Amino acid sequence: MIPKKDNERSKLLTRRALLVGGGQAVALTALAGRMYYLQVVESDRYKVLADENRINLRLIAPPRGRIVDRFGTALAVNRQNYRVVLVAEQAGDIPTTLDALGQIIALSDSDRRRVMRDIRRKHPFVPVVVRANLSWDEVARVEVNNLELPGVTIEEGMTRFYPYGETASHILGYVAAVSEKELTGDPLLELPDFRIGKNGVEKFHDLKLRGKAGTSQIEVNAFGRVVREIRREEGKSGQEIVLTLDMALQEFAYRRCLAEQSASCVLLDAPTGEVLALVSSPGYDPSAFSNGLTAQLWRELTTNPRGPLNNKAISGAYAPGSTFKPMVALAALEAGIVPTARVSCPGHFELGNTSFHCWKKGGHGSVDMRDALKKSCDVYFYEMGRRLGIDRIAAVAKRFGLGHKLDFDVPGERPGLIPTRDWKLGATGIAWQHGETISASIGQSYVLATPLQLATMAARLVTGRAVEPRITRERGLMTGTGNFDKDAPEFSSLNLPPKDLKLVLEGMTAVVNEPGGTAYGARITDPAMAMGGKSGTSQVRRISQAEREHGLRKIKDVPWKERDHALFISFAPVSNPRYVCAAVVEHGGESAGGGSAVAAPICRDVLREAQKRDPARRIPPAGEYVAELPSEKKTG
Amino acid sequence: MSIRVATLDFARPELTIGDKVWSLNWGLILLLLAIASFGFAALYSAAGGSFQPWAGKQMIRFGISLGLMIAVSLVHIRIWMKLAYVVYGIAFVLLVAVEVRGMIGMGAQRWIDLGIIQLQPSELMKVAAVLVLARYFHALTIEEIGRPLRLVYPALLVLLPAAMVMKQPDLGTAMMLVLCGGILFFMAGVRLWKFGLVIAFVGAGLPLLWRHMRDYQRNRILTFLNPENDPLGAGYHILQSKIALGSGGLFGKGFLQGTQSHLNFLPEKQTDFIFTMMTEEIGLIGGLCVLALYTLVFVYGFAIAFRCRNHFGRLLGLGITVNFFLYVFINTGMVMGLLPVVGVPLPLISYGGTAMLTVMFGFGLLMSVYIHRDVRIGRFGDSDG
């Protein structure tokens, strides 16, 4: 019957329900087991993962080290930079807030468009920069109107600033944002605001200047919003770099060089090799690079024929012209040629059927070595070159620092070139020609030198030692009184007979201080400060036979780019030389003897100022800093 | 089927309202309150220690649902039996309505806005299907159950809505419907070999189906089977859930101290992943307590079903309990990485109106079974047996 059937049915139901219940019990046990596995067995692993999830290590960029001159004058500093930022989620209606902000500080339409675009792209809690580089006045105005500007705050940042602008631009270099190629895996480099040295001392000493990053452990949520700071470890700011420069002299030399279109000048403290001034004009303002250069400025800098980005003092390689003659003279003395032996200069020199001309059309008559240096007689040195051969000249020149890099501590140095027979065969496959020795002995043909090399050569001439130019002052700031040369580097001797050097220096003294010397017009009249030197002209184009016959073109008819370079090397005081200076004026030559006309006056002014300040032996009292240009303009 | 309302005999004094209230299963109500309270605390924590926006609302919903549950439990079991098809019909029509609205371009939606709550017909369908299957199997003799043709109709009652829910697409709910239906079939006495046959058929058909699927459909299924394939989508959810749960440890990080959920690493912390956020804070001990409370509810459900003297009540009670179990098992299994991530809420705890309402409606029916446990119901709904 039905009850019976019902009974059977319900028994079946009960059985099966119990089976289901058993299944559920198994499932629940599995759940509990899984929970035990996750929360007890694997718990430590998940705890680590959880911490990684929420704790974010943030780097705090360390302040970049300062760069100062030998007396501590700041040349590169970090300047507080204020920017106004907007946090979208706190700002309410953004256009209204921007309108209100626009009433207080100048906001361009493009600023506004960029802000609106950034806000759309970023999380609403990420601050968006509205305007950077606020003046102090603008900062104050924004702070005062704080209440009407919801979500608007002032943020502080650091920008690299160079108080002397373009004056030392080529030495200091500049900093800029890290490029893709420069990433080394150091997370510091990946910070959006981080800048690294791209040129000059900023680049050479970048690792020291950078310092050590601090860290901040912050708790973030899944969207990256900072919830709180857990731990903070302050970084170490970058090391301060002391340069050998005397900024007053640097400024003086730079302004002096600006009188020419494109010039460079190197002033060394000869015994120590310390660079007191190193100028390449025109310069550029390195601060402009710190926050990114505008495309227009970049175009202007790169297309300027005067090459403002180029450090001509170390990467300009010029034929040294007659400034090379002291090398030939020393090589001749070393080869045993008697300095008093006379050579007759008829104004030209014949080798085979080639004629080489002296710069003085009528010739110098009979000259000895001293006269030849003083008057810069080409024929005398042609004859020396013919007797010596190129390799003996090259050997002396290389001892004086020419033809190779000087391991200078500013990047971009060029090696110049001192040719030898082997070099030419190796480089061109053609044997050395005798005529090339003749040209090389007056510093033409293949011979190339940088202004820094010329200054180094002068320093080695006056000291007889293998002086190495340096711009980083390892000894630190000049302090105290008395013997400032105490910890100066000791350079090895060049092993040249002192009388040979003395003779060459005497010839160079005559160049400037005796009537008939090529640079007599640029002498220093105070006998205690008198300088010696050697002029040079570096031919940019060949003088054709036709020009020789029809007379040289007037200088004003020659395009600037085709004019000769004017060079001068010098030392002072002649009695006991301490400072050496080399100057090169690009395309500053006015036919032959150009070096004495435009480059020698630069050396004169710089050396006079150097001796007045005497930065190698004296700490200038406060207030003496600003150097002034000499009232007299360049002579000649 | 016509509903013979006229034959309902209200006059017959089986039980008075007072008797019924007195015989309400207070222990079960207390259990439900305890579970819901865990939910309130979790939602309070999920909002960072605030009743806004979830915990407060959830408490009000629970209060309303509790009222509904008691009201449902006081209605005579026989009336529920008669209303089974009506309830099912309403749920089905609503499901179709949602589907049609999606088709005529108002966007895919799973819910209908009723003003007070947004009703998900698929949730309602879970209870309606149990009700209608209990009603159907109640009327079958053991011989009739043996006849395969008799099973086609109830199978359609389950598979049709399941297919529609699947199309929404709401895999979790569809899965629950089919599983719950299948278990009811099993408990009703359908032979095991028939299940084997169906499973074999489906198994054989799968490769055929696979071959006819488009690439994107296959990808969807692959991701479903192995969420690690999609580390930023479903894989991210399950990984973050495991991290939060695992880092909670034995005793948890403390109430309101859960880092992963408060820092928003944990997705859907107030709905599907609420169990994770709770156990991050209250640890293994607390999590097991919650599971124990649920287990007590299952035991209660089974006890009520066994205690009932009519077949409909037994089936209904078991069906409701199994359904409730499936909610808990699928949800917790999912957040622990045991089951694929499908959208199934943790009943009584997850934030959400419809699930709360339907679950409490189910418990109302369960209590109605308890209150009317001694009522005898004939095969066709008549009062004597």
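What you see is a predicted model; the values in this text were computed from it and never measured.
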### Query
Can you tell me if A:R16 uses its side chain to pair, donor with acceptor, with the backbone of B:I183 under 3.5 Å?
no
### Task
Check A:A32 against B:L288 and note the closest heavy-atom contact, atom names and distance.
CB-CD2, 3.8 Å
### Message
Looking at every non-hydrogen atom in both residues, tell me the closest pair between B:M336 and A:L31 and how far apart they are.
### Response
SD-O, 3.6 Å
### Query
Is any side-chain heavy atom of B:L284 less than 4.5 Å from a side-chain heavy atom of A:L38?
no
## Note on the structure
Pair count under 4.5 Å, heavy atoms only, with chain A: among B:G333, B:G283, B:A244, highest is B:G283
### Query
Considering only heavy atoms, which portion of A:Y36 lies under 4.5 Å from any heavy atom of chain B: side chain, backbone, both, or neither?
both
### Message
How long is the straight-line distance from CG of A:L12 back to CE of B:M187, given to the nearest 0.5 Å?
### Response
11.0 Å
### Message
Shorter than 4.5 Å, heavy atoms on both sides: which option in B:V190, B:T321, B:I145 has the most such pairs with chain A?
### Response
B:V190
### Summary
d(B:I285 CD1, A:M35 CE) to nearest 0.5 Å is 9.5 Å
#### Entry: A:S10 OG to B:H311 NE2 distance, which is reported to the nearest 0.5 Å
8.0 Å
### Message
Which atoms of B:L339 are under 4.5 Å from chain A, going by heavy atoms: the side chain, the backbone, both sets, or neither?
### Response
neither
### Query
Is the shortest heavy-atom distance from the side chain of A:Q24 to the side chain of B:F302 under 4.5 Å?
yes
### Which portion of B:L318 sits near chain A, non-hydrogen atoms under 4.5 angstrom
side chain
### Query
Short question: side chain of A:R9, backbone of B:L140 - any donor-acceptor pair under 3.5 Å?
yes
### Message
Among B:L326, B:L250, B:T332, which residue has the highest count of heavy-atom pairs closer than 4.5 Å to chain A?
### Response
B:T332
#### Entry: Structural part of B:F275 lying under 4.5 Å from a heavy atom of chain A
side chain
### Summary
If one checks every heavy atom of B:V322 against chain A at 4.5 Å, the contacting part turns out to be both
### Query
Counting only heavy atoms not in A:Y37, do more than 12 fall under 6.0 Å of its OH?
no
#### Entry: B:F186 versus chain A, the contacting section by heavy-atom distance below 4.5 Å
both
### B:Q260 side-chain N/O to A:A50 backbone N/O, donor-acceptor pair under 3.5 Å
yes
### Query
Is the number of heavy atoms from other residues, nucleotides or ligands under 6.0 Å of B:R191 CZ greater than 12?
no
### Query
Which answer fits A:E42, side chain, backbone, both or neither, if we ask what part of it has an atom under 4.5 Å from a heavy atom of chain B?
neither
### Query
Is any side-chain heavy atom of B:L245 closer than 4.5 Å to a side-chain heavy atom of A:Q39?
yes
### Message
Measuring only between side-chain heavy atoms, which start at C-beta, is B:Y294 closer than 4.5 Å to A:L28?
### Response
no
### Message
Just checking A:R79: does its CZ atom have more than 12 heavy atoms from other residues, nucleotides or ligands closer to it than 6.0 angstrom?
### Response
no
